[in-house]
Each structure stands twice: as C-alpha cells, then as structure tokens.
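Presented below is the structure to which this report refers.
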Amino acid sequence: MRRVAPKHQRLLLAGAALLAVAGAGLSGAYALQNRASYFYLPAQMMADPPAATRAVRLGGMVERGSLRREADGITIAFTVADDRGGRVPVRYRGIAPDLFVEGSGVVAEGRLGPDGVFLADNLLARHDENYVPRELKDMHVAGAPGGAGVAAAARR
Amino acid sequence: MHGFANPRRFLRLARWLVPATLALGLLLTATGLMWGLLRVPPDRLLGDTVRIMFVHVPAAWLGMGGWAGLTLAGVALLVWRHPLAAIAGRAMAVPGLVFTVICLVTGSIWGRPSWGTWWEWDGRLTSMLVLGFLYIAYIALSDAYARTAQLSAVPAIFALVGAINLPIINRSVVWWNSLHQPASITIGKNAIDTAYLWPLLVSALGMALLFGAATLMRMRALLAHIQAEARLRREASGAPAALARVGG
C-alpha cells in the first residue's frame with residue numbers, strides 16, 4: 001500500500017471533519033424548520049390552529065380592501081392572507097407602524113380567538129428585499145408597496 | 001504560499017500594504033458613505049432610513065467574511081502547519097467582531113423605524129448574534145492559547161466548527177419564516193436599484209480594505225509582541241550580562 005503523506009492525510013481529515021460538521025449542523029437546522037419559524041402563515045394557522053391561550057405570531061400580506069377602522073377610532077381590523085389560500089381576520093387596538101399598509105407584509109403578535117379572529121397585541125411591518133427610489137417605483141415593482149418580494153416570501 | 005512562512009518576508013510586504021490598504025479603504029469608505037448619505041434618493045417604502053444600508057450591509061458581509069477568513073486560517077494551520085495562520089486568525093477575529101457588532105447595532109436602529117421593533121428573536125437576527133458570541137469565544141480561546149508558547153490546534157478547530165453558522169445565517173431567511181426580508185443580492189439576481197447599488201459596493205469595498213488593513217496591522221503587532229517576549233525569555237534565562245543590560 002502506498003503511504004499517504006502526513007500533509008495529505010491531515011488535509012483529508014480536515015476536509016472530512018468540515019463535511020461532517022456542515023452535515024450535522026445543516027441537517028439539525030433544517031430539522032428545526034417550523035419550530036424555528038418566526039411566525040405562522042395564515043394557511044398554517046388555519047390547518048393547525050394554536051390554542052387560544054398560546055401567544056403566537058401571524059405573518060403574511062395585508063389583503064387589499066380588507067383594512068377598516070372600527071367605531072372607537074383606534075381599533076383596526078384587516079385580513080392577513082398568503083397565496084396558499086390562507087386568510088385569517090385580525091383585530092388590533094393601537095398604533096400601527098408607518099410601513100403598515102394594504103398589500104404590504106405584516107407580522108401580528110397575539111392570540112387566535114375561539115371564533116377564528118386573531119387578536120393582536122402588537123403589529124410589526126415586514127418589507128420586501130427590493131430597494132427602489134420613490135420616483136422609479138412604478139417602473140420596477142408593479143403595484144404598490146410590498147410587491148413581489150413579500151408575496152414570494154409568503155409563498156414559502 | 002510557504003514563501004510567507006518566514007515572517008520577515010511577510011513583514012516586508014505588510015510594510016507598504018498597510019498604508020496602501022488603509023488609505024484606499026478610508027477614501028472609498030468615505031466616498032461610499034457620503035454618496036449614500038447625501039446623494040441617493042429616498043426609498044419608496046423605507047424613505048431616508050434606506051441610508052443605513054450603506055453601513056449595515058457591508059458590516060454584515062464583513063462580519064461573515066471574517067469568520068470565513070478564520071476558517072481558512074484554521075485549515076491552513078491544521079493542514080499545512082503554516083506559522084502565520086494562527087497569527088492571521090487572532091488578527092482577523094477582532095475586526096470581524098467589530099463589524100458584526102456594527103451590523104447588529106445598525107440593524108437594530110434600522111428595525112425600529114421600518115419594522116417597529118428594536119429586536120426580535122427571528123432566525124436571521126439570532127444567528128447573527130450567535131456569530132458575535134462565537135467571535136468573543138474565539139478571541140478568548142486564541143488569546144489563552146497564545147500564552148502557552150506552543151502552537152495549538154484548538155482555536156483552529158473552534159473556527160472550523162463555528163463555520164457551520166455561516167450557511168445558517170445565509171439560509172435563515174429561506175428556511176424559516178422570518179421578520180428579516182430575504183437576500184436582495186443573490187447569484188443571478190439583484191433587487192437593489194443601481195442608485196443604491198453603486199454606493200453600496202463602493203462602501204463595501206472600502207470597508208473590506210479597512211478590514212484588511214486592520215488585520216495586517218494586528219498581525220504586525222502580534223509578531224512584534226511575540227518577538228519581544230521571546231527576547232525577554234532568552235535574556236532572562238541567558239547570560240547575566242544580558243540581564244544587567246535589561247535591568248540597567
């Protein structure tokens with residue numbers, strides 16, 4: 001048998017160790033999948049509703065035409081949708097972030113009520129990965145804020 | 001590569017490379033940042049806060065790039081027993097940590113006006129914070145081992161194991177639903193308008209050069225420190241005449 005030079009042996013060992021660490025880490029991280037997810041998509045929440053006592057997050061797009069303000073003036077109601085067909089109505093009492101508009105991404109923190117309405121204690125705006133100057137926005141992203149990127153994220 | 005095994009050759013190269021990278025890095029960083037702060041138009045959604053991108057994004061790239069450098073230095077140490085590799089690792093860890101912290105702080109400042117929160121335990125934010133902790137651990141570990149005169153493989157192995165965090169940071173916005181938006185620049189795709197892309201690239205190149213300059217300066221300082229320690233040790237154990245000279 002041909003003797004392997006120690007240097008090459010170490011190279012092989014280091015390569016094998018790197019591969020093993022990468023494999024272990026990646027499969028572990030991949031297995032976390034939904035447990036490490038920051039929010040539920042509406043379709044996931046409808047398929048497997050969390051208990052009303054659990055604090056959860058719901059993320060998706062604010063459906064166009066769904067946003068309305070209730071009579072008390074500070075409660076807003078809207079529908080969070082994804083393009084897997086999931087739709088969950090949300091009620092929130094408080095001040096929404098500046099970037100919160102119809103057709104844009106949102107993450108709502110709160111609880112899913114027994115009637116299927118999500119009661120949010122806090123709203124976070126979510127934006128897409130497109131950076132476009134105001135003057136050019138119509139050329140780049142068809143439609144209004146949020147656009148394709150958040151929709152693509154919601155697709156996952 | 002083993003041409004640089006002798007620190008003297010490395011030091012000769014570093015002597016002119018340090019001022020060159022430092023000057024060019026400062027110039028490009030200043031250009032990129034001034035361009036980004038003063039000349040670019042506001043973003044359609046984020047408005048003026050888009051200007052944080054010119055610090056935040058290069059810092060994120062360099063924080064991650066620094067660990068990739070630590071991993072390469074670790075491999076060079078383990079496989080080729082390259083004498084400068086341990087010093088390069090120790091030198092790179094500090095600017096790597098600094099850029100990671102800059103990324104976390106500017107990200108937090110950016111998150112408040114755009115998302116409505118300073119901090120959330122989302123996949124991207126958390127894995128980047130873990131990178132910061134890994135840097136701190138690496139610095140503590142490699143400094144502790146540097147005190148023993150022998151070359152140790154332990155920090156190099158730690159760098160290799162820690163490298164697993166890099167693909168996790170990169171994929172965190174794909175695998176898990178996250179508050180952080182997906183990558184704007186990927187292979188074959190760019191979602192950043194050229195009005196922002198050019199100043200971003202200039203500032204990233206400038207900061208990368210500053211990273212390189214800081215690394216080279218630290219390598220020189222570490223080598224000088226090792227040399228001084230060795231001389232002291234020699235003289236302490238050597239002729240009394242030498243001792244008298246040090247004492248006098």
Side-chain angles (χ1 to χ4, degrees), chain A residues 7-8 10-15 17-18 21-22 24-26 28-30 32-41 44 57 59 95-101 104-105 107 122-137 140-141 144-150 152-154 156, chain B residues 40-47 50 53 71 74-81 111-117 120-127 156-157 160-168 171-186 189-193 195-197 200:
Chain A
K7 188 163 79 179
H8 292 137
R10 290 198 300 267
L11 184 59
L12 279 173
L13 276 173
L18 210 56
V21 168
L26 290 183
Y30 190 76
L32 272 174
Q33 280 280 15
N34 288 329
R35 308 209 133 255
S37 271
Y38 182 68
F39 54 77
Y40 281 89
L41 288 169
Q44 293 166 340
R57 296 192 194 91
I95 299 163
D98 291 349
L99 291 188
F100 175 80
V101 277
S104 178
V107 175
N122 191 25
L123 289 187
L124 298 173
R126 194 172 180 277
H127 63 84
D128 62 20
E129 71 275 32
N130 298 302
Y131 294 92
V132 180
R134 272 176 194 150
E135 309 85 88
L136 298 178
K137 71 175 180 189
H140 284 256
V141 189
V150 178
R156 285 192 304 269
Chain B
V40 304
D43 177 76
R44 78 193 193 288
L45 285 178
L46 301 165
V50 73
M53 174 165 73
T71 311
V75 170
L77 180 81
L78 292 173
V79 175
W80 292 284
R81 303 275 153 91
R112 186 66 192 84
S114 57
W115 299 337
T117 179
E120 288 295 321
W121 294 101
D122 122 300
R124 171 58 67 85
L125 277 59
T126 308
S127 55
I157 293 169
L160 253 65
V161 174
I164 187 53
N165 195 28
L166 295 183
I168 293 177
R171 297 280 91 191
S172 57
V173 290
V174 180
W175 286 339
W176 309 314
N177 297 332
S178 62
L179 183 60
H180 194 285
Q181 72 283 1
S184 296
I185 302 176
T186 49
K189 189 200 111 191
N190 166 39
I192 301 182
D193 187 87
Y196 306 123
L197 187 65
L200 176 64

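Throughout, protein chains are lettered first and strands after them, A, B, ... in sequence-line order, and every chain is numbered starting at 1. What you see is a predicted model; the values in this text were computed from it and never measured.
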A:Leu13 versus chain B, the contacting section by heavy-atom distance below 4.5 Å:
neither

Just so I understand: if I count every heavy-atom pair under 4.5 Å between each of B:Ile192, B:Val161, B:Leu197 and chain A, which residue has the most?
B:Ile192

Between A:Val107, A:Leu18, A:Leu12, who has the most heavy-atom pairs with chain B when the cutoff is under 4.5 Å?
A:Leu18

Answer yes or no: is there a side-chain heavy-atom contact under 4.5 Å between A:Leu124 and B:Leu179?
yes

Look at B:Pro113, B:Ser184, B:Gly116 and state which one has the largest set of heavy-atom pairs under 4.5 Å with chain A.
B:Ser184

Would you say A:His127 and B:Trp115 make side-chain contact, with heavy atoms under 4.5 Å?
yes

Polar side-chain atom of B:Thr126 near backbone of B:Gly123 as donor-acceptor pair, under 3.5 Å
no

Applying side-chain contact (heavy atoms from CB on, under 4.5 Å) between A:Tyr131 and each of B:Asp193, B:Val40, B:Val50, report the one that passes.
B:Val50

Between B:Pro41, B:Ala195, B:Ser114, which has the largest tally of heavy atom pairs under 4.5 Å with chain A?
B:Ser114

A:Arg126 side-chain N/O to B:Ser178 backbone N/O, donor-acceptor pair under 3.5 Å:
yes

If we only count heavy atoms from C-beta on, is the A:Gln44 to B:Asn177 side-chain gap below 4.5 Å?
yes

Can you tell which of A:Ala22, A:Pro97, A:Ala14 has the highest number of heavy-atom pairs within less than 4.5 Å of chain B?
A:Ala22

Is chain A contacted by the side chain of B:Ala183, its backbone, both, or neither, given a heavy-atom distance below 4.5 Å?
backbone

